[in-house]
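Per chain, numbering begins at 1; letters A, B, ... match sequence-line order. Since the structure is predicted, the reported quantities are computational estimates derived from the model, not experimental observations.
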Number of protein chains: 2
Amino acid sequence: MSTIKDIAAEAGVSVMTVSNVIHNNHARVSPATAQRVREIMARHQYVPNMAARSLISKSSHIIAVLLPIWHGSAASMLLDPYTGQLVGYLEELLREKQYYVMVCSFDQVEQVLALQQTWQMDGMILVLPHEDAITRDLIQRTQAPLVVFDRHYEDLPMLDVCLNDRRGGYTATRYLLEKGHRKIGFAAPSIYESSVIQGRFQGYLEALAEYQLRERKDWLFDGAVHQEGGEAVAEALSHMQERPTAVVATEDLLACGILKGCQERGMQVPEDLSVIGFDDSMPARLITPQLTTIAQDIRQKAATGVQQLFQAMEDETYRNAHAVLDIRLVERQSVREPGNI
Amino acid sequence: MSTIKDIAAEAGVSVMTVSNVIHNNHARVSPATAQRVREIMARHQYVPNMAARSLISKSSHIIAVLLPIWHGSAASMLLDPYTGQLVGYLEELLREKQYYVMVCSFDQVEQVLALQQTWQMDGMILVLPHEDAITRDLIQRTQAPLVVFDRHYEDLPMLDVCLNDRRGGYTATRYLLEKGHRKIGFAAPSIYESSVIQGRFQGYLEALAEYQLRERKDWLFDGAVHQEGGEAVAEALSHMQERPTAVVATEDLLACGILKGCQERGMQVPEDLSVIGFDDSMPARLITPQLTTIAQDIRQKAATGVQQLFQAMEDETYRNAHAVLDIRLVERQSVREPGNI
DNA sequence: GCGTCTCATGATATCGGTTTCATCTGTTTT
DNA sequence: AAAACAGATGAAACCGATATCATGAGACGC
């Protein structure tokens, strides 16, 4: 565990010369000296001390990946395959750029501000699968550049990377319409709370409107959470007088629950009901029938966010950027023409 | 962004007094002064600088969560729901103890050693879903305490938290035997490379032996990876003259693939084939029929690892501990008595 | 031959804390 | 009243790097 002083002493030079070698300051040190110092550093397996470095530079080369604690356990956030995957890609991209990733769950803005200060974080990334009240506050009060995934506020300068949710909802619904469906339901965890789901819902309405259709209240399944919520939707469907021939579900897991619930109640998918999901997550290919779904490119999302972050770190005036990434339809087996067209 | 000096100046005391207040050194500062300093700190939202602190204390309060890069992308590691969940619980537990979590993917031991030094890491946790060659080397060369999940070397002093894989394999097989199965296959990504899978395989053999049975080479499905591997197993089964009535799969995803492959080839689970998986991961409850599986308590696993780590950080002589956590059988729908008993 | 300029290198202060040891005031002991 | 002592506080060194400015040795111009 040698320090820059040890290296300097052994090389018979000052610490500044060693420092200049480390930073490849060719103009400030002769090639011969540089070579000699480099050899000694290699022999000692010298590694600079980040604490000393960040103390004077006021920058730690650490990026915080912030995970809001949602209804109790932080673990639930990384349990979510989407979050895990996103964080994995972020780590990969940041590591390439020689930045370090600190993963931090939190439930108060103050925690984040303190964290940023105590470590002199260079930047922060907020991973937000659900809506929450803290985000606006955090955006306004943070000192370091902050990139937010999946959330945008029109009235605030902010850096964010979102999906074209409107288009996602539209594409899913339009696809069903073109297959001949006219009775199309919509299932979501909470239609009016999350801007993501609102966007998808808007797209759904727009597509319906193009076919001179309007939503029917009894085909809107609000509060359908995860697999259990999907099964509840199936239960509700099974008791309906006039039931939709297709359902747009805003999450794959929800769609899977609907599939499973239907199968258990004697409704066949896609024969009796077509279902389309969102995210193309792992279960989508696992269930039978395989799920038709609206997919997103998580890696591209991560890359876009990292790009925004670095631009903001380099340029103090870059504090307002809004990336909208496109979605694509993945056709599988959970959608077909309605039976009695 | 005030420093300890600013606080000291405003309170009209020396930095040492402020430092003593921060550390609740009641013996070294009068209650009145302490109170006054505390108020000023609160007003300034003072937060100590970790770089300065770790520079002198040679400890950063950072714990590294190390993710070996496996065949390319690091993202794949956090994509794995097991890893994501484990990391989530680790973060939660470490945060409670005021430690910070740095997530680091790596593919060379040197990277890890450099990382540990450059940040003066207090401890490291290696999350290892697959076998790898680097681990032994890392265990032997690391300076900081290191806890390894799911891997144990008898001949090396090390801290690790493993599952009772032998018992898992035994329990799964024994369960099938008690249901009346006598023709039991075994499917795994690689039977002889991973100690985890070897353990499960040993358990499988032991259970068979108790019923005077031996394994049959053609019912050992080696190299079955993920869902695709499972489907390949189903394909192989469908062409068999004499096929097993049940299969033990060492991963849920693998079991799911077998289920799906069987369904597509006209074999019913559990009527024609019983399948038992491992891990009780999210897909287990998603598919139809729901998967009977050997479950583990990931939170307990994380807690045990953290406990080992902290004991090692406190006590330099604590460098050899081997925790073996138990498994439990989760009965669902993918196992029943064989048809023609 | 002397001033100027460049190149290579070094001395020193500094970042924001902690550690160690000193000091100062007032009280108790003898 | 002098000495001893405890309690409260402070001065200064230090951790390992970087930034700023200084210095010394040759090369070059005139």
From CG of A:Leu55 across to C1' of D:dC15 the rounded distance in Å is 9 Å

**A:Ser14 side-chain N/O to C:dA11 phosphate OP1/OP2 under 4.0 Å** = no

Side-chain contact check for A:Ser30: nearest option of C:dA8, D:dC15, C:dG16 is C:dA8

- prompt: If you look at every strand shown and take non-hydrogen atoms under 4.0 Å, does B:Ser54 touch a base, only sugar-phosphate, or nothing?
  reply: nothing

By nearest-nucleotide position on DNA chain D, the 5'-leaning member of B:Ala27 and A:Pro48 is B:Ala27

To the nearest angstrom, the CD-P distance between B:Gln120 and D:dC15 comes to 13 Å

(Q) Between C:dT18 and B:Arg53, counting only base atoms on the nucleotide and side-chain atoms on the residue, is there a donor-acceptor pair under 3.5 Å? (A) no

Indicate whether the side chain of A:Asp122 and that of A:Tyr100 have a donor and an acceptor atom separated by less than 3.5 Å. no

- request: Please work out which of the three classes, parallel, tilted or perpendicular, describes the rings of A:Trp119 and B:Trp119, given edges at 30° and 60°.
  value: perpendicular

Against the side chain of B:Val29, the closest entry in D:dT18, C:dG17, D:dT9 is D:dT9

Per atom distances to the A:Arg28 side chain, the nearest of C:dG16, D:dT18, D:dT20 is D:dT20

Taking for B:Arg36 and for B:Ala52 the nucleotide of DNA chain D with the nearest heavy atom, the one nearer the 5' end belongs to B:Arg36

**Report entry** Distance below 4.0 Å between A:Lys58 side-chain N/O and C:dG16 OP1 or OP2
**Finding:** yes

| said: At 4.0 Å (heavy atoms only), tell me whether B:Ser57 reaches a base, stays on the sugar-phosphate, or touches nothing. | reply: nothing

From CD of A:Gln117 across to P of C:dG17 the rounded distance in Å is 10 Å

Please determine if A:Lys97 forms a cation-pi arrangement with A:Phe310, meaning its NZ or CZ atom is less than 6.0 Å from the six-membered ring centre and no more than 45° off the ring axis. yes

Of B:Asn20 and B:Thr3, the one whose closest nucleotide on DNA chain C sits nearer the 5' end is B:Thr3

note: A:Ile56, atom CD1; D:dT18, atom C1'; distance rounded to Å ~ 4 Å

- Does a side chain donor of either B:Ser30 or B:Thr33 reach within less than 3.5 Å of an acceptor in the other side chain? yes

A:Met16 atom CE is separated from D:dC21 atom P, nearest whole Å, by 13 Å

Rounded to whole Å, CD1 of B:Ile4 lies from P of D:dG10 at a distance of 12 Å

When rounded to whole Å, the CG to P distance for the pair B:Asn25 and C:dT18 reads 10 Å

Between B:Met124 and the options B:Thr142, B:Leu309, B:Ile63, the side chain to side chain contact (heavy atoms under 4.5 Å, CB included) test singles out B:Thr142

In whole angstroms, the gap separating C1' of D:dG7 from NE2 of B:His26 amounts to 15 Å

